[in-house]
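Input: a single structure, listed below in structure tokens.
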Amino acid sequence: MAQKPAIPKGTRDFLPNEVAKRSYLFESIKTVFKRYGFAPIETPSFELSSTLMGKYGDEGDRLIFRILNSGEKMRKADLEALAADNLPKFASSLAEKALRYDLTVPFARFVVQHQNELNFPFKRYQIQPVWRADRPQHGRYQEFFQCDADVVGSDSLLCEVEFVQIFDDVLTHLNIPSFTIKINNRKILSGIAEVCGESDRIVEMTVAIDKLDKIGEEGVLNELEQKGLSSTAIEKIKPLFQFSGSNLEKLQLMRTYLAQSEVGMKGIEELEYVINNIDNMGLKRADLEFDLTLARGLNYYTGAIFEVKANNVNMGSICGGGRYDDLTGLFGLKGLSGVGISFGADRIYDVMTELDLFPSSVTKGLKVLFLHFGEAEVAKCLTLARSLRENNIDCEVYPSGAKIQKQMKYANDRAVQYVVLLGEEELKSETLILKNMSTGEQEVIDYKAFNTKITEL
RNA sequence: GAGAAUGUAGCUCAGUUGGUUAGAGCGCUGGUUUGUGGUACCAGAGGUCGCGGGUUCGAGACCCGUCUUUCUCCCCA
């Protein structure tokens, strides 16, 4: 035990059947993305620190994995900053590169850098790992995959409508039994802050309101007070907790509440457009819910905000997203609106494992295994195997002359679908025994009929 | 980054107030069966008790440090 090797915390190895399930997951997501016209891109695993730092708030910066400078670059270390106890500055002088923290910010950088080669509106999807120096917990890893789709260069709300459909399509296809797409709009949150006269504290305010389902009304009010919101503001926030009913009813209540806020009314209008369009089309399995407490920490969102939760499972959100009007502005390209979503593949995997939702076909094993009887028989098996492979059938010849019992057990453990037994007798009569491993049935077949027979199975 | 729990065989876990040689089930290997797996029976292998230090005549158990995993907070997929 002591000498056993280990991998860093929050990382995982994947065994063959896990990889099979994960590929199924990625392929399902990819298929839907493609269906809606998104094209794949890839970006490097690591970026310049300056690209990532400061884009995710102070909390986010703390969680970015930084790559230590090597060789002569070490001399750039800012010892004065160290002496002055300015650790962030010291760290920056030691690490010019960092592992990507999400796919959205690198994508913004990508768009700015390749703006002349892209056609706008540009729709891309991207499935790659990201890294966070977070403390690992259930459903929380240091290395995990994000599956993002974004549209950049269009401020049409049809994009939002499309993304709601994509959430619904993917998760329905994956057979997640019940899930809720929560939607809100940053402009509504701004409107609330404005109505309360606390526009400056919008972040503190929304972060507190976001915790409603966790700490309850009382908890939220306490936190708001601690964060220094005025008592008149808190009085104005209180009625929000009472808002309930259907999405349209809630919109109606908010319309009255936000009547004095121009930005708030704009948010209502946007949200209503999306909800109406979705209502007209209907969703397969998802529940679309206007949740005015939904905030999300990333402060680059400016319009719609999405979050998806699987119901009846203990797991944080499995998807997220939203609109960001000025993300590329951070890299010098103004006036380009973007909106995007992200599937948390690792969490969806955990949910599907917990609910046993992977179809059995995903982990189906090798189609044919030829058992090994002896040198003469193996020569024939090699010829037959080659011919199967020409017909795109996966097969394998057991590599050594172990006891047949052991070879059968190997076939069983590998979940092999069919086993071919070809021994002395069969060799003489130019036949073979084909055994179906799941039913246990077996039949004698001519060499000539073998290819056709196996292709039909 | 703050607080708490956890770690014993490949896996899931027992192990009394500190006391001889640390156990079980499953899995693994071999056999019953040298041409038949998933069942049954028999036998066997496998552990410096997470790691490092300390207390003690004696530590899997107590103390300190450290790492892992898990939980709460923070934040998030």
Side-chain angles (χ1 to χ4, degrees), chain A residues 1-12 15 25 29 56-64 87-88 101-104 127-148 203 207-208 210-211 214-215 219 223 294-299 306-310 314-322 340-351 365 369 371-374 377 398 401-427 432-442 444:
Chain A
M1 280 294 274
Q3 280 75 26
K4 237 173 139 180
I7 54 176
K9 65 176 174 185
T11 65
R12 294 153 297 159
L15 274 65
L25 190 54
I29 294 170
Y56 308 101
D58 292 343
E59 274 303 314
D61 281 359
R62 210 190 69 207
L63 300 179
I64 292 173
L87 294 179
Y101 176 87
D102 72 355
L103 300 178
T104 308
I127 297 181
Q128 291 192 276
V130 303
W131 294 267
R132 296 186 186 178
D134 205 353
R135 182 163 297 195
Q137 274 183 40
H138 179 63
R140 178 182 289 205
Y141 307 100
Q142 292 208 341
E143 178 183 62
F144 60 97
F145 271 74
Q146 286 192 333
C147 311
D148 276 30
V203 173
V207 164
D210 190 46
K211 293 179 192 160
K214 214 171 191 174
I215 59 179
E223 184 160 335
L294 175 61
R296 297 183 59 77
L298 294 179
N299 37 32
F306 303 111
E307 187 166 291
V308 183
K309 280 215 56 169
N314 171 29
M315 181 63 73
S317 56
I318 53 174
C319 308
I341 58 169
S342 179
F343 286 81
D346 298 86
R347 284 192 177 175
I348 296 173
Y349 179 94
D350 289 349
V351 167
L369 176 75
L371 297 197
H372 190 130
F373 281 83
E377 291 89 342
Y398 194 89
K403 286 170 62 172
I404 294 306
Q405 186 179 216
K406 190 177 174 180
Q407 298 187 44
M408 285 298 288
K409 187 162 163 42
Y410 172 80
N412 194 53
D413 294 345
R414 287 269 313 263
V416 169
Q417 296 169 57
Y418 296 93
V419 160
V420 167
L421 297 103
L422 198 163
E424 211 176 334
E425 289 171 33
E426 289 78 18
L427 197 58
L432 54 81
I433 293 170
L434 182 65
K435 178 170 175 125
N436 179 329
M437 288 298 281
S438 54
T439 64
E441 288 164 9
Q442 56 185 51
V444 180

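Residue numbers begin at 1 in each chain, while the letters A, B, ... track the order of the sequences.
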Could you tell me whether a side-chain N or O of [X] sits under 3.5 Å from a main-chain N or O of [Y], the two making a donor and an acceptor?
X: A/Arg347; Y: A/Ile318; value: no
X: A/Arg12; Y: A/Glu143; value: yes
X: A/Gln146; Y: A/Ala345; value: no
X: A/Arg132; Y: A/Tyr101; value: yes

Starting at atom [atom1] of [X], determine the distance to atom [atom2] of [N], rounded to an integer number of angstrom.
X: A/Asp148; N: B/A77; atom1: CG; atom2: P; result: 10 Å
X: A/Leu63; N: B/A77; atom1: CG; atom2: C1'; result: 13 Å
X: A/Tyr398; N: B/G35; atom1: OH; atom2: P; result: 14 Å
X: A/Met437; N: B/U36; atom1: CE; atom2: C1'; result: 8 Å
X: A/Ile215; N: B/C75; atom1: CD1; atom2: P; result: 10 Å
X: A/Gln442; N: B/G35; atom1: CD; atom2: C1'; result: 10 Å
X: A/Arg12; N: B/A77; atom1: CZ; atom2: P; result: 16 Å
X: A/Glu223; N: B/C74; atom1: CD; atom2: C1'; result: 10 Å

| task | Any chance you could encode RNA chain B as dot-bracket? Rule is Watson-Crick or G-U wobble with both distances under 3.5 Å; [ ] for pairs crossing earlier ones, | for another strand. | result | (((((.(..((((.....[...)))).(((((.......))))).....(((((..]....)))))).)))))....

Looking at every strand, decide which applies to [X] at a 4.0 Å heavy-atom threshold: base, sugar-phosphate, or nothing.
X: A/Gly60; value: nothing
X: A/Phe373; value: base
X: A/Gly316; value: nothing
X: A/Ile318; value: sugar-phosphate
X: A/Gly10; value: sugar-phosphate
X: A/Ile433; value: base
X: A/Tyr410; value: nothing

Heavy-atom pair with the smallest gap, counting every atom of [X] and [Y]:
X: A/Tyr410; Y: A/Leu369; answer: CD2-CD2, 4.0 Å
X: A/Asp210; Y: A/Ala295; answer: OD1-N, 3.3 Å
X: A/Val416; Y: A/Met437; answer: O-CB, 3.3 Å
X: A/Gln407; Y: A/Gly401; answer: NE2-C, 4.2 Å

Work out how far the [atom1] atom of [N] is from that of [M], and round it to whole angstrom.
N: B/G7; M: B/A45; atom1: C1'; result: 25 Å
N: B/G18; M: B/A59; atom1: C1'; result: 6 Å
N: B/G58; M: B/C62; atom1: C1'; result: 13 Å
N: B/U12; M: B/C28; atom1: C1'; result: 16 Å
N: B/C76; M: B/U72; atom1: C1'; result: 15 Å
N: B/C11; M: B/U69; atom1: P; result: 15 Å
N: B/G60; M: B/C13; atom1: C1'; result: 14 Å
N: B/C74; M: B/A4; atom1: C1'; result: 15 Å

Nearest-nucleotide pick for [X], side chain only, options being [options]:
X: A/Ile404; options: B/C71, B/G37, B/U36; value: B/U36
X: A/Ser317; options: B/U68, B/A77, B/G37; value: B/A77
X: A/Asn412; options: B/C75, B/U70, B/G37; value: B/G37
X: A/Pro136; options: B/U70, B/G35, B/C75; value: B/U70
X: A/Lys9; options: B/G35, B/U68, B/A77; value: B/U68
X: A/Gln137; options: B/C73, B/U69, B/G37; value: B/C73

Under 3.5 Å, is there any donor-acceptor pair linking the side chain of [X] to the base of [N]?
X: A/Arg62; N: B/C75; answer: no
X: A/Glu426; N: B/G35; answer: yes
X: A/Arg135; N: B/C71; answer: no

| Is there a side-chain contact between A/Leu422 and A/Leu371, using heavy atoms and a 4.5 Å cut-off? | no

| query | Are A/Lys309 and A/Met315 side-chain neighbours, meaning at least one heavy-atom pair lies under 4.5 Å? | reply | no

| Aromatic stack A/Phe144/B/A77: centroid gap under 5.5 Å, interplanar angle under 30° | yes

| said: For a quick test of reading the model: is some side-chain N or O of A/Lys211 closer than 4.0 Å to OP1 or OP2 of B/C74? | reply: yes

| request: Map A/Arg132 and A/Lys435 onto RNA chain B by nearest heavy atom, then report which one ends up closer to the 5' terminus. | output: A/Lys435

| Nucleotide by nucleotide, 5' to 3', does protein get under 4.0 Å of the base (B), only the sugar-phosphate (S), or neither (-) in nucleotides 25-33 of chain B, counting heavy atoms? | ---SS-S-B

